[in-house]
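Quick notes on the structure that follows.
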Amino acid sequence: MTESATPPAQSPANMPPYRYSARLAAEIESRWQDLWEQRGTFHTPNPAGPLADTARLAGKPKAFIVDMFPYPSGAGLHVGHPLGYIGTDVYARFKRMKGFNVLHTLGYDSFGLPAEQHAITTGIHPRINTESNIANMRRQLRRLGLGHDQRRSVSTTDEDFYKWTQWIFLQVHGAWYDTEQKRARRIEELVTEFDKGTRPTPDGRPWSQLTTNERHQVIDSYRLAYLTDAPVNWCPGLGTILANEEVTAEGRSDIGNYPVFKRNMRQWMMRITSYADRLLDDLDRLDWPEPIKLMQRNWIGRSVGARVAFSSSAGNIDVFTTRPDTLFGATFLVLSPEHPMVASLTSPEQRDAVERYCAQAAAKQDSERQDDSKEKTGVFVGATATNPVNGTQVPIYVADYVLMGYGTGAIMAVPSGDQRDFEFARTYNLPIVATAMPPDSWFEQHDIAPSANCSTWPCAFTGDGVYIDSANSSVSLNGLTSIEEASTTIVEWLEKNSHGQGTTTYRLRDWLFSRQRYWGEPFPIVYDEDGNAHAVPESQLPVLLPELADFKPTALDPNDADSDPIPPLARITDWTQVTMDLGDGPRSYRREVNVMPQWAGSCWYEMRYLDPTNDTHFVNPEVEKYWMGPAHEGHTGGVDLYVGGVEHAVLHLLYSRFWHKVLYDLGHVSSEEPFHRLFNQGYIQAYAYRDARGQAVPAAEVVENNGAYSWNGESVSREYGKMGKSLKNIVTPDEMYEEFGADTFRLYEMSMGPLDASRPWNTRDVVGMQRFLQRLWRNMVDEDTGDLIVTNDPAPEELLRHLHRTIAGVEADMDGLRFNTVIAKLIEFNNALTQHVTQTHSSPRDVVVPLVQMLSPLCPHLAEELWARLGHSDTVTYEPFPVADPELLKEDTVEIPVQINGKVRGRIVASPDADQDTLVALAQAVDSVAAALAGKQIVKTIVVPGRMVNLVIK
RNA sequence: GCCCGAGUGGCGGAAUGGCAGACGCGACGGAUUCAAAAUCCGUUGUCCGAAAGGGCGUGUGGGUUCGAGUCCCACCUCGGGCACCA
């Protein structure tokens, strides 16, 4: 049997004419999909604007359910792609039946590198490709029966979408971060403060004395979107800047294998670091998976410590440390090779060595420098600095294990308290001084005698110890026992004596926001003759991406590190040069020729679903308030459920939170967070097979025999991972529609396991879900005549009780997105119904109706069909979800296990609320229990009423 | 190296600290059929046993508890994230 073989084709000739087969399913499904579209079944009402229908939303709570929108790939879908979309569709349909006004749709993230790269290889314009890909994906997804409001589907490349991406950029550009109020404010308010003198200008001169250019520069330095020289990966051979992910470990381009150079270039940045604390702290309020929160916390990387000034001949050297308590143990300083003071500190004797070392470091790739398996290297600069706590002269080194981009790019090295410093000190024979006496257990663990003499230590000690040798005339840490206490003490001293201050640094960097590409949103920015950036007025948005026949980047001499990129847009000189009136008459300006990164559109797209055609606002404020809502009890506001892959844990989910907070601060949105509840769906994985030469062979043709795999008689090896064209293991939804129908396919994907777990695809297993639907269909429809076999006779009580147990369980599991156990419960109930139908040849309406209702979120087409056959003229979509009757949930009797010493030895049947004495008496009367008890003494009796009895004997 | 997450039948997976293996696949047996497919019914953790029944079982080793897949400690394996962040 092959792993993913298709079952033998059914023979329609011998099949009963009304069997629920793939053929019948296809007929039902396409009919209902057309009906839904004609009737606008999934059109969701807004409280205002063109989509308003206040009557339909009256009294209903709202549920805004969003999938992470896809990039419209040309490769088409495989069965792994729709997993999350099916999950959200089932949930959305469930919530509709629970009386919620549900908004669910899907847009397309169409700008960016993949589309552009594809265009470059094929020579087809990205717009053409993008549009045909979107059309194809819409077709494939429509066939799945997703209940989306199609009127609200948007694409980030639509002009009336990216108009608002540009508008939001201008909001960010037009804002600054007030560190006192801890929020973004409009740049005009900053100007007012400067003008009034309530806020001093950077150099202290009155605002009125600054020239226009000077004012412009001061204001620009405060903006949340700003220009700066930032190091980038410049690849002249491709004519473009590359993302870190696109550069190989050897420092060459992933595509084309050209050299890549680190260079500073003028780039747009977003001041996300201003929001570091809020992005970190607000995580606590979100209903997100803990691992994702943890990844964001690590990414932001807040570390609390101190800056300490060490004086030197070239001025003060600021170091950052998280362990100010170890200051007395600092025996040398280390500067990053890029540190601006390196040159001025270097002595003439050491100049050659230092320059050589820095040049080597500059030539290295980040990945090389960060390979911590290698030995630490560094060079003495020939100068010393003074430790402010004890006046010690400590040598200054330059070493590439210190990074310029973190803290101050300079550290104080405490070899006794930091493993990296310890290794460096051992390599260069630098002194190691203990400032804390480790506990005896630490010495035992390392098999050495307790001693403060670090010469015997095998490594640094980083825990809590008793402080020693840590005092000067005005402060002493000696005798303290905790890092926290010692740190507080020494920071107070540093601040009092102006040697430093407590401070917090972050691993998070500002966001590099420009790309030297074509397929992205143009910046709404122009430059004047002095090079000052100006915002394009709102009234002139969108700044359209100009049509460009040759959209390829200009390739340059691959080895010329000093060349400059020529972004595609720079070549259209009649576009880049523009005359406009920015309030001081028509002038000539030069447009920004970079474009925004792929992330820009995805930072806010969900809000455009709310009001997709609005041409005066990015979203009508009333509509925004209704769907995104302000925070309330246990809810941060924003999207109610956001489902997508874990790969967006940091970048997209951090950038979008940042933009949302800026919009909140400026009063444009009513919630502080965009996504209240986040759920990461797992991935569908698949087996792939390779022959002896390592070539992938078609997985569908591989034969398994006793755990060995072969293809065409040749033995092949199996691996487990992604589905991919090159692995020849792709299974498409279209194949599943063809063989089983969309409802069976949906059901299988939901039944494979919990939604957040990854699982292997097995086409062989799909048939189980089809059999279930066949049995369910047969329980209501005669396979030979097509007649309904449903009667109005009441169901037997036992079946009714089973139904209500099922309702209660299904409802709870639906709410928790546990669709796999929902399906198990429905199958169990349907199996019980089958027994009844087999005996009576009829199906009681009072259990069939709720069964169809419960099935409808999972298998909407089949449910609609049965619903109509049961005599309803309207869709089942908005029917109330069945409610479990508490009376029918109570059992008259329950079977209870009787344990002897924790092992089951018998069973009793009793009333669920029988008391302890009754249960024990019943238990002792059971033969097997009595036998086990014979001659023994019961020393303890544990009874959980309605659940179990345990007799402890000896 | 550090930080997360996960280990349950032949396979995917179920189990508020209370009958381990729900449900599905596969396999085996039977009904139906000229025959097969499809469909329906039954069996299916493992070992001993003819059976009744019993022993053993949730990665490994300890612990808490009347009772542990579930809680605690240590370890092993796999998956993921970060990676000289001072």
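Just so you know, these numbers come straight off a predicted model, no measurement behind them. Below, chains carry the letters A, B, ... as their sequence lines are ordered, and counting in each starts from 1.
In summary, Asp784(A) and Arg778(A) do not engage in a salt bridge, as defined by a charged side-chain N under 4.0 Å from a carboxylate O. Using a 4.0 Å cut-off between a side-chain N of Lys or Arg and a carboxylate O of Asp or Glu, Glu828(A) and Arg805(A) do not qualify as a salt bridge. Salt bridge Glu423(A)/Arg426(A): absent, no basic N to carboxylate O contact under 4.0 Å. Electrostatic pairing of Glu811(A) and Lys825(A) does not count as a salt bridge here, judged by no charged N lying under 4.0 Å from a carboxylate O.
Across all strands, Met752(A) comes closer than 4.0 Å only to sugar-phosphate atoms, never to a base (heavy-atom distances). Within the nucleic acid shown, Ile942(A) comes within 4.0 Å of at least one base atom, counting heavy atoms only. In this structure, Arg905(A) reaches the sugar-phosphate backbone alone: every heavy-atom distance under 4.0 Å involves primed, P, OP1 or OP2 atoms, never a base. In this structure, Thr941(A) reaches neither bases nor backbone, as no heavy-atom distance under 4.0 Å exists between it and the strands shown. Thr321(A) comes within 4.0 angstrom of sugar-phosphate atoms only, judged by non-hydrogen atoms across all strands, and of no base. Glu290(A) comes within 4.0 angstrom of nothing in the nucleic acid, heavy atoms only. Residue contacts for Arg818(A): at a heavy-atom cut-off of 4.0 Å it reaches no nucleic acid atom on any strand shown. Residue contacts shown for Glu895(A) include a base, since a base heavy atom lies under 4.0 Å away. At a threshold of 4.0 angstrom between heavy atoms, the contacts of Arg771(A) are confined to the sugar-phosphate backbone, with no base atom among them.
Along RNA chain B, the nucleotide closest to Val904(A) and the one closest to Gly301(A) are compared, and the more 5′ of them pairs with Val904(A). Residue order along RNA chain B, read from the 5' end via each residue's closest nucleotide, puts Pro291(A) first among Pro291(A) and Asp421(A).
In this structure, the CD atom of Glu828(A) is 12 Å from the P atom of A15(B), given to the nearest Å. One can place CH2 of Trp761(A) at 16 Å from C1' of G13(B), the figure rounded to the nearest angstrom. C40(B) atom C1' lies 12 Å from atom CG of Asn779(A), rounded to whole Å. In this entry the distance linking CE of Met295(A) with P of C4(B) reads 14 Å, nearest Å.
Distance noted for atom C1' between G45(B) and G26(B): 15 Å (whole Å). A gap of 23 Å separates the C1' atoms of G42(B) and A35(B), to the nearest Å. A distance of about 36 Å separates the P atoms of C82(B) and U58(B), rounded to the whole Å. Across G63(B) and U8(B), the matching P atoms stand 24 Å from one another, rounded to whole Å. Rounded to whole Å, the P atom of C25(B) lies 16 Å from the corresponding atom of U44(B). Taking atom P on both nucleotides, G21(B) is separated from C73(B) by 29 Å, rounded to a whole Å. G12(B) and G79(B) are spaced 15 Å apart, taking the P atom of each and rounding to whole Å. A22(B) and U43(B): their P atoms are spaced 12 Å apart (whole Å).
Side chain to side chain, Thr273(A) and Asp510(A) meet the donor-acceptor criterion of an N or O pair below 3.5 Å. Between the side chains of Tyr406(A) and Ser303(A), a donor-acceptor pair is found at a separation under 3.5 Å.
Closest to the Arg19(A) side chain, of the nucleotides U39(B), A20(B), A86(B), is U39(B). Closest to the side chain of Thr821(A), out of A86(B), A14(B), C23(B), is A14(B). When the nucleotides G18(B), G12(B), C25(B) are ranked by their closest atom to the side chain of Met948(A), G18(B) comes out on top.
Aromatic rings from Phe424(A) and Phe332(A) are positioned such that their centres are separated by under 6.0 Å. In this structure, Phe745(A) has its ring center at least 6.0 angstrom away from the ring center of Phe740(A). Here the two rings, on Trp761(A) and Tyr748(A), have centers that are under 6.0 Å apart.
Look at Arg778(A) and you'll find a side-chain N or O under 4.0 angstrom from OP1 or OP2 of C40(B). A close approach under 4.0 Å does not occur between any side-chain nitrogen or oxygen of Lys940(A) and OP1 or OP2 of U65(B). A close approach under 4.0 Å does not occur between any side-chain nitrogen or oxygen of Asn298(A) and OP1 or OP2 of G81(B). Taking 4.0 angstrom as the limit, Ser303(A) places a side-chain polar atom (N or O) nearer than this to OP1 or OP2 of A86(B). Phosphate proximity of C84(B) to Gln419(A): absent, as no side-chain N or O sits under 4.0 Å from OP1 or OP2. Note on Asn831(A): a side-chain N or O is less than 4.0 Å away from OP1 or OP2 of G24(B).
For C23(B), its base never sits under 3.5 Å from the side chain of Lys825(A) at any donor and acceptor pair. No hydrogens or angles were tested; on distance alone, nothing pairs the side chain of Arg507(A) with the base of C82(B) as donor and acceptor under 3.5 Å. No donor-acceptor contact under 3.5 Å links the side chain of Asp765(A) to the base of C25(B).
Helical stems of RNA chain B (runs of at least 3 Watson-Crick or G-U pairs, donor-acceptor distances under 3.5 Å) are listed by first residue: B:1-7 with B:76-82, B:10-12 with B:23-25, B:26-31 with B:39-44, B:45-48 with B:53-56, B:59-63 with B:71-75.
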Requested in this report: Please assess Arg302(A) against Asp277(A) for the test salt bridge (Lys or Arg N to Asp or Glu O under 4.0 Å), listing each intermediate value before the final yes or no.
Outcome: CA-CA 8 Å; Arg302(A) 176 156 70 190; Asp277(A) 279 324; 2.2 Å; yes
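In G9(B) the O4'-C1'-N dihedral to the base is within 90° of 0, which defines a syn nucleotide.
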